[in-house]
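In what follows, every heavy atom counts, from backbone to side chain, and hydrogens, waters and symmetry copies are set aside.
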Amino acid sequence: MGILEKIKEIEAEMARTQKNKATEYHLGQLKAKIAKLRTQLLEPPKGSTGGGDGFEVTKFGHGRVALIGFPSVGKSTLLTMLTGTHSEAASYEFTTLTCIPGIIHYNDTKIQLLDLPGIIEGASEGKGRGRQVIAVAKSSDLVLMVLDASKSEGHRQILTRELEAVGLRLNKRPPQIYFKRKKTGGISFNSMVPLTHVDEKLCYQILHEYKIHNAEVLFREDATVDDLIDVIEGNRKYIKCVYVYNKIDVVGIDDVDNLARQPNSLLNLDRLLARMWEEMGLVRVYTKPQGQQPDFTDPVVLSTDRGGCTVEDFCNHIHRSLLKDVKYVLVWGTSARHYPQHCGLGHVLQDEDVVQIVKKKEKEEGGRGRFKSHTNAVARISDREKKAPLKT
């Protein structure tokens with residue numbers, strides 16, 4: 001029996017099982033088995049050299065956005081309108097057969113936009129080259145899910161299910177669960193809050209399903225069984241997603257109003273770039289040389305998802321060796337309490353801040369003038385050179 005058949009068999013068993021207090025341990029074990037099988041499904045086959053026909057393109061710019069959706073929903077047209085890059089659009093499905101990149105110039109930054117082939121139901125199992133498409137989406141900073149307004153709810157659920165099947169978590173944050181494998185000592189289970197979804201027995205059974213018998217588990221929030229499995233797997237990608245609705249002229253005004261009120265939804269093209277900027281959280285930092293005006297032409301772009309937004313991250317972005325020479329920095333902008341503010345390496349920068357780096361001065365060997373730390377004279381009187389006697 002193949003992996004796909006095993007997954008379908010377990011899903012059928014879960015559908016037959018009633019959900020109550022007596023069966024929650026059994027359902028937890030079944031969820032862990034499905035997660036293990038799906039992880040095996042994503043692994044390359046044994047004996048393969050790793051080379052394959054994929055859609056991956058070189059990262060460029062300060063951020064990456066992926067367009068995901070069913071065939072013929074308007075992804076190629078959206079790419080052409082935002083970037084000017086030509087992507088063929090036609091009335092038949094699967095017009096785009098490979099990944100087409102484009103560059104958006106917005107707020108002095110460059111954002112890479114990827115037009116991916118349409119995915120269908122069963123993409124997580126490999127149908128329609130869905131695995132290659134989803135693999136590119138995993139490397140993105142933001143996902144734009146393009147939906148047909150007339151079929152939005154059904155398509156949205158299918159796409160979300162396919163993405164979650166391969167480890168993508170849309171608009172979710174990592175669960176507050178501490179998990180660490182150990183060599184000895186058994187399983188240590190603790191919680192800081194009352195748990196309503198998981199207890200110690202269920203946690204033990206899930207860990208034993210993964211053949212983990214020595215570990216430390218600490219719950220910092222009331223998490224579910226799926227959250228615990230995600231932490232144990234350790235390969236989940238938490239990514240932001242914006243739902244972009246196309247073809248809204250074919251539905252009524254009531255449906256448009258309902259779509260507009262849903263979270264993370266967008267119907268207006270004029271607001272799209274600003275919404276992308278907000279979701280990606282890019283921070284522009286301008287540099288100011290000592291004694292000169294700030295350089296507002298080429299900012300240093302930081303983000304929380306790509307390293308962080310502190311002064312230390314700013315210095316590392318310029319050069320790795322700069323950090324050891326920094327004495328302090330002067331900051332102008334919204335993150336400063338007064339202008340300029342002396343800040344350390346832990347200061348968090350905000351958008352459009354101006355930073356001036358003050359380096360440590362190189363100490364002259366021995367000091368200067370009367371502050372010399374040593375002299376060229378000998379230390380002991382007996383070691384002094386004796387002068388020749390005067391001639392009389």
Side-chain angles (χ1 to χ4, degrees), residues 53-119 128-129 132-149 152 155 159 239-250 259-260 264-286 295-303 305-306 351-352:
D53 186 14
F55 295 134
E56 185 59 60
V57 295
T58 305
K59 278 192 174 183
F60 180 81
H62 305 107
R64 170 180 278 196
V65 180
L67 293 173
I68 283 185
F70 274 81
S72 298
V73 292
K75 299 187 299 296
S76 300
T77 305
L78 186 60
L79 175 78
T80 304
M81 293 181 65
L82 294 177
T83 66
T85 304
H86 175 68
S87 180
E88 185 179 356
S91 58
Y92 53 88
E93 296 185 349
F94 293 104
T95 310
T96 304
L97 299 176
T98 184
C99 178
I100 300 177
I103 301 298
I104 300 174
H105 296 271
Y106 186 73
N107 285 348
D108 296 331
T109 61
K110 299 175 183 177
I111 302 174
Q112 188 179 41
L113 185 65
L114 302 180
D115 179 19
L116 299 174
I119 61 178
R129 302 187 71 184
Q132 292 93 326
V133 175
I134 297 175
V136 177
K138 271 190 172 183
S139 65
S140 303
D141 302 311
L142 177 67
V143 169
L144 289 184
M145 188 179 292
V146 185
L147 300 167
D148 189 341
S152 59
H155 284 186
L159 291 174
I239 189 169
K240 295 180 180 179
C241 177
V242 176
Y243 304 99
V244 181
Y245 292 95
N246 192 17
K247 305 178 183 179
I248 60 174
D249 53 341
V250 300
L259 293 177
N264 303 308
S265 298
L266 193 64
L267 306 179
N268 191 357
L269 183 62
D270 299 334
R271 176 73 180 138
L272 179 59
L273 291 178
R275 183 62 180 271
M276 288 169 51
W277 178 266
E278 293 173 5
E279 295 293 340
M280 296 179 70
L282 297 180
V283 175
R284 295 165 293 172
V285 181
Y286 299 98
D295 181 15
F296 291 109
T297 58
D298 188 15
V300 176
V301 182
L302 308 173
S303 68
D305 297 332
R306 290 194 177 193
D351 192 26
E352 294 186 318

Partner residues of [X] under the side chain to side chain contact (heavy atoms under 4.5 Å, CB included) criterion, sequence neighbours left out:
| X | result |
| --- | --- |
| V244 | L144, V242, L272 |
| A260 | L267 |
| F60 | I103, K110, Q112 |

Would you say the side-chain atoms of [X] pair up with the backbone N or O of [Y], donor to acceptor, closer than 3.5 Å?
| X | Y | value |
| --- | --- | --- |
| N246 | V73 | yes |
| T109 | Y106 | yes |
| K75 | D115 | no |
| D351 | V283 | no |

Who passes side-chain hydrogen bond (donor to acceptor under 3.5 Å, both in side chains) against [X], sequence neighbours left out?
| X | answer |
| --- | --- |
| S265 | none |
| N107 | none |
| D141 | R306 |

Strictly by modelled atom types, are R64 and S139 linked by a side-chain donor-acceptor pair under 3.5 Å?
yes
Should E278 and R271 count as an ion pair when the cut-off is N to O under 4.0 Å?
yes
At their closest point, which heavy atom of A66 faces which heavy atom of L116, and how far apart are they?
CB-CD1, 4.1 Å
Minimal non-hydrogen separation, H62 against D108, with atom names
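Closest approach of H62 to D108, heavy atoms only: CE1-O, 4.5 Å.
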Can you list everything that forms a ring-ring contact (aromatic ring centres under 6.0 Å, His included) with F296? Sequence neighbours excluded, please.
Y286
